[in-house]
Colleague: 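Before I ask anything, let me first share the structure, which is written out below as structure tokens.
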Amino acid sequence: MTLRKILALALLLATAASPPAVVPPAPAPALDGHAIAQARYGNDAAWYEQRIPFFESSDPRIDAVYYYRWGLFRAHQRDLGGQGYITTEFADDVDWQREPFASLNDASGFHIAEGRWLNDRRFTDDYINFMYEGGNDRHFTDHMADSVWGRYLVDGDREALLAHLKTMRHIYRLWDEKFDFDKGLYFVEPLLDATEYTVSSIDASGGKDGFRGGDSFRPSVNAYMFANARALSRMAEMAGDTAMAKEYAARAKALQARVLADLWNPKLEHFTDRHQITNEYVKYWEPIRNRELVGYLPWMFDLVPDDAKYAKAWGHLTDPQSLAGKAGMRTVEKNYEYYMRQYRYLGPDPECQWNGPIWPYQTTQVLTAMANLLDHYEAHGPVSRADWMAMLRQYTQLHYQGTGKDERLDLEEDYDPETGKPIVGLDRSHHYFHSGYIDLILTGLVGIRPRADDVLEVNPLQQGLDWFHIDRVPYHGHEVSVTWDADGSRYRRGRGLSIAVDGKEVARRADLGRIEVPVARAANASIVREENLAVQLVRSGWPRASASSGTDAEKLHDAVDGRAWFYPELPNGWDSDASGKAQWYALDFGRTIALGSAELAFFADGTHFAAPRRVSVEVWREGRWQHVGAPVTPLANGVTRVTWPAIETGKLRVSMTPAKGRAIRLAEVKAFAR
């Protein structure tokens, strides 16, 4: 044997004895966030590019609504200045909001559930701080403590979680005024459960009304208080308060037992209200006579045992004679005596009612509850993942108004369950934030199930999508991405489901199913805050606005009310005339402050309003207006920032050269110390 053959044989034997080389996993697919933000948000792209998780799927309508909902979240961020940001339910003012902030607590659970998925944690953190530093006036029922726990499951921030524990406990005990100690259940007037004109309130009026009254023991408030008690117990345990942890665990357990024993209606096979009052029409403790969508809320918080007896209730959701409308979920079943009867209380236009219409509010709750059922219950009754996906698509469709070239995205308050057309039709109803969608995509369709331990769990509920991918999802201080590619042709990295953490693939399977991988938590990025000094919450306060034209006090105030959006259906901001003359908008702060930058948001609609051709910022010094920063050509439907070396002043002015034949709408002015 020649030396060459001996060496070749030795090499062959050595190779055979060696383990195969480890091929590092391919990097996860990455979406072009910059390009997507530009395409979806135009000149306002900068707000989203570093903040939101980016998503795509084989269903372009789901994609479009996903990005619309982030735009909705952005539009509902109100800057209170020193108190930071809050999330509003209505874009503009309504009579029943908490003044002067325009806050309402009933949708706080949705707001927090959506906001916890932002990479910028400031907005949700500010909102929670506001609510627990006097903002939660308990105007409505809520499950806010449980939502704060849900935020912790995503970001893992223990300090933020426990920051308001004492206040949370105090607010919980204030609800004793709505607790029947004999029955061991909470009761509430449906209006204060944010669900006026339900069966209990309509029937308590003899069918004549239902806006007020009709106090009842409801599945909603009792499920909320169960979830809040459980969250407080978990927080107290983390804080080392053993006595409080035991107390609230016992409260949750007792409330769960009472809901199961007393609010489960064997005749209707559904969780239903019991009347809390007696009058000529209803009697105390009698169950209401019809099924309502609210009966699914106990599953939203895993209050219900994994038992086929209870799972039967889900059959009503797919029954066209019960709760299944052609366009979505009815809030009460079709055979209710006062189903879809229109009661009016604010004028001639149709108004908010829960006697049959589809409400995105409760649709979100039921889809969340159903996702829990399908994710971790053995007994899930007659519903399937295909049903969940079909209902998600129905909900998706409700976001679309108009047809053909006139089709646009605009979520409203409530809808006809047969046609899917909006009912209320009032100005306040446009772009309404009384629901969730992003969280349904993240926790349901994509299937990220946030946990308190150092585990990332993914179990997609999607059915019928050939592919999807989401990246830049914050989780325990990391960035997570999830990819589904049924046959591998979309992303060309193999077929099936894969998970990546910080850009590196960590798990894969060839089919849809649950994946659990260890993920050691890391520190979150620090929250960066700067205070907007140009907020005027109270119209008679400082700063005081003046302008060259359009001097209506309400319009002047709208440019410094801390709210900015670019929806044509919802005018907001100061409007100049269309004379073609140079315009200015000025603020008097009433004191000397340091200013070093300003943000200007201009609205344009392609017809009447256009962004100015040129803008300069001036400050009042030495008895005259002096230019600061360089003149700019501002963005339309976006934010333009002007900066300069910080300077002491008491007044600021924005001078504008209008586009020919167009008026200017200054949606918002913000001013900062640096």
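As a basis for the values below, the full set of heavy atoms in this structure was taken, side chains included, without hydrogen atoms, waters or symmetry mates.
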Colleague: Are Leu497 and Pro460 packed together at the side-chain level, in the sense that at least one heavy-atom pair is separated by less than 4.5 angstrom?
Modeller: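 Yes, close enough: below the 4.5 Å cut-off.
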
Colleague: Do the numbers put Arg74 on top of the ring of Trp70, so that NZ or CZ is under 6.0 Å from the six-membered ring centre and no more than 45° off the axis?
Modeller: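 Relative to the ring axis of Trp70, which defines the angle, Arg74 lies outside at least one limit.
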
Colleague: Donor-acceptor pair, His399 side chain versus Tyr395 backbone, under 3.5 Å?
Modeller: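 Yes: the side chain of His399 pairs with the backbone of Tyr395.
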
Colleague: Looking only at side-chain N and O atoms, does Tyr296 offer a donor or acceptor that is under 3.5 Å from a partner on Gln365?
Modeller: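 No - no donor-acceptor pair under 3.5 Å links their side chains.
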
Colleague: Is it the case that atom CZ in Arg514 sees more than 12 heavy atoms from other parts of the structure closer than 6.0 Å?
Modeller: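 Atom CZ in Arg514 is crowded, with more than 12 foreign heavy atoms closer than 6.0 Å.
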
Colleague: If you look at every heavy atom in His431 and His76, which pair is closest and at what distance?
Modeller: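 That closest heavy-atom pairing would be O-NE2, 2.7 Å.
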
Colleague: Within the 4.5 Å heavy-atom criterion, are Asp59 and Arg393 side-chain neighbours or not?
Modeller: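 They are in contact (side-chain heavy atoms under 4.5 Å apart), so the answer is yes.
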
Colleague: Please tell me if the side chains of Phe55 and Asp471 come closer than 4.5 Å, counting only heavy atoms from C-beta onward.
Modeller: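 Of all side-chain heavy-atom pairs linking Asp471 with Phe55, none is under 4.5 Å.
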
Colleague: Within the side chain of Thr124, is there an N or O that forms a donor-acceptor pair under 3.5 Å with the backbone of Arg121?
Modeller: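 Not a single qualifying donor-acceptor pair exists.
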
Colleague: Nearest 0.5 Å, what's the CE-CG distance between Met225 and Asp146?
Modeller: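 If we round to the nearest 0.5 Å, Met225:CE and Asp146:CG are 11.5 Å apart.
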
Colleague: Using 0.5 Å steps for rounding, measure from the CH2 atom of Trp388 to the OG1 atom of Thr368.
Modeller: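 The OG1 atom of Thr368 is 8.5 Å from CH2 of Trp388, to the nearest 0.5 Å.
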
Colleague: Do the ring centers of Phe433 and Phe110 come within less than 6.0 Å of each other?
Modeller: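 Between Phe110 and Phe433, which both carry aromatic rings, the centre distance is not below 6.0 Å.
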
Colleague: Would you mind checking if Asp485 and Arg493 are paired as a salt bridge, meaning a charged N to carboxylate O distance below 4.0 Å?
Modeller: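 Answer for the salt bridge query: no.
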
Colleague: Side-chain contact, heavy-atom cut-off 4.5 Å: Ile62 with Tyr437?
Modeller: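 Yes, at least one pair of side-chain atoms sits under 4.5 Å.
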
Colleague: Heavy-atom count around Glu237 CD within 6.0 Å, excluding the residue itself: above 12?
Modeller: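 No, CD of Glu237 has 12 or fewer neighbouring heavy atoms, counting only those of other groups under 6.0 Å.
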
Colleague: For Ser435, run the side-chain hydrogen bond (donor to acceptor under 3.5 Å, both in side chains) check against Gln362, Glu114, Arg69 and tell me which one passes.
Modeller: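 Answer to the side-chain hydrogen bond (donor to acceptor under 3.5 Å, both in side chains) test with Ser435 among Gln362, Glu114, Arg69: Arg69.
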
Colleague: With distance as the sole test, does Asn119 use its side chain to make a donor-acceptor pair with the main-chain N or O of Arg472 at under 3.5 Å?
Modeller: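 Indeed, once roles are kept as given, a pair shorter than 3.5 Å links the two residues.
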
Colleague: Determine, for Lys309 against Asp307, whether the closest basic-nitrogen to carboxylate-oxygen distance falls under 4.0 angstrom.
Modeller: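 Salt bridge: no.
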
Colleague: Taking the ring centre of each residue, are Tyr127 and His111 less than 6.0 Å apart?
Modeller: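 Under 6.0 Å, so yes.
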
Colleague: Side chains of Tyr66 and Ile438: closer than 4.5 Å at any heavy-atom pair?
Modeller: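 Yes, side chains in contact.
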
Colleague: Please find out if less than 6.0 Å separates the ring center of Phe271 from that of Trp299.
Modeller: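 Here the rings of Trp299 and Phe271 have centres that are less than 6.0 Å from each other.
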
Colleague: Do the side chains of Asp387 and Arg385 get close enough for a salt bridge, i.e. N-O under 4.0 angstrom?
Modeller: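 No salt bridge links Asp387 with Arg385.
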
Colleague: Could you tell me whether Lys670 and Glu530 have a side-chain N and a carboxylate O separated by less than 4.0 Å?
Modeller: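 Here Lys670 does not pair with Glu530 in a salt bridge, since their nearest N and O are not under 4.0 Å apart.
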
Colleague: Could you tell me if the side chain of Arg122 sits less than 4.5 Å from the side chain of Tyr85, heavy atoms only?
Modeller: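 Yes, their side chains come closer than 4.5 Å.
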
Colleague: For Ser57, is there any backbone N or O sitting under 3.5 Å from a side-chain donor or acceptor partner on Asp63?
Modeller: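 At least one qualifying donor-acceptor pair exists.
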
Colleague: Considering only NZ, NE, NH1 and NH2 on the basic side and carboxylate oxygens on the acidic side, decide whether Asp375 and Arg449 come within less than 4.0 Å.
Modeller: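 So Asp375 pairs with Arg449 through a salt bridge.
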
Colleague: Are side-chain heavy atoms of His143 and Phe301 found at a separation under 4.5 Å?
Modeller: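 Heavy-atom side-chain distance check passes, below 4.5 Å.
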
Colleague: Quick test of your reading of the model: are Asp126 and Arg529 salt-bridged, counting only N-O distances below 4.0 Å?
Modeller: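 Between Arg529 and Asp126 there is a salt bridge, with a charged N closer than 4.0 Å to a carboxylate O.
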
Colleague: Any ion pair linking Arg116 and Asp155 (charged N to carboxylate O, less than 4.0 Å)?
Modeller: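 Answer for the salt bridge query: no.
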
Colleague: Among Asn222, Thr195, Asp193, find the one that has a side-chain hydrogen bond (donor to acceptor under 3.5 Å, both in side chains) with Thr141.
Modeller: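 For Thr141, the side-chain hydrogen bond (donor to acceptor under 3.5 Å, both in side chains) test succeeds with only one of Asn222, Thr195, Asp193, which is Asp193.
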
Colleague: With a cut-off of under 6.0 Å to the ring centre and 45° to the axis, is Arg251 in cation-pi contact with Tyr248?
Modeller: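 That pair qualifies as a cation-pi contact.
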
Colleague: Above 12 or not: heavy atoms from other molecules or residues under 6.0 Å from NE2 of His376?
Modeller: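 It does: His376 NE2 has more than 12 such atoms within range.
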
Colleague: Tell me whether Arg641 forms a cation-pi arrangement with Phe672, defined as NZ or CZ under 6.0 Å from the six-membered ring centre and within 45 degrees of its axis.
Modeller: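 Flagged: Arg641 positioned over aromatic ring of Phe672.
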
Colleague: Are any of the side-chain heavy atoms of Arg508 and Ile499 separated by less than 4.5 Å?
Modeller: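 Counting from C-beta outward, Arg508 and Ile499 never come under 4.5 Å.
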
Colleague: State whether the number of non-hydrogen atoms from other residues, nucleotides or ligands found under 6.0 Å of Arg495 atom CZ is greater than 12.
Modeller: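 Atom CZ in Arg495 is not packed in, count stays at 12 or less.
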
Colleague: Atom CZ of Arg78 and atom OG1 of Thr88: how far apart are they, to the nearest 0.5 Å?
Modeller: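 OG1 of Thr88 is found 8.0 Å from CZ of Arg78.
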
Colleague: For Met391 and Leu367, what are the C-alpha separation, side-chain angles and deciding distance, and is it a side-chain contact (heavy atoms from CB on, under 4.5 Å)?
Modeller: CA-CA 8 Å; Met391 292 176 191; Leu367 284 171; 3.8 Å; yes

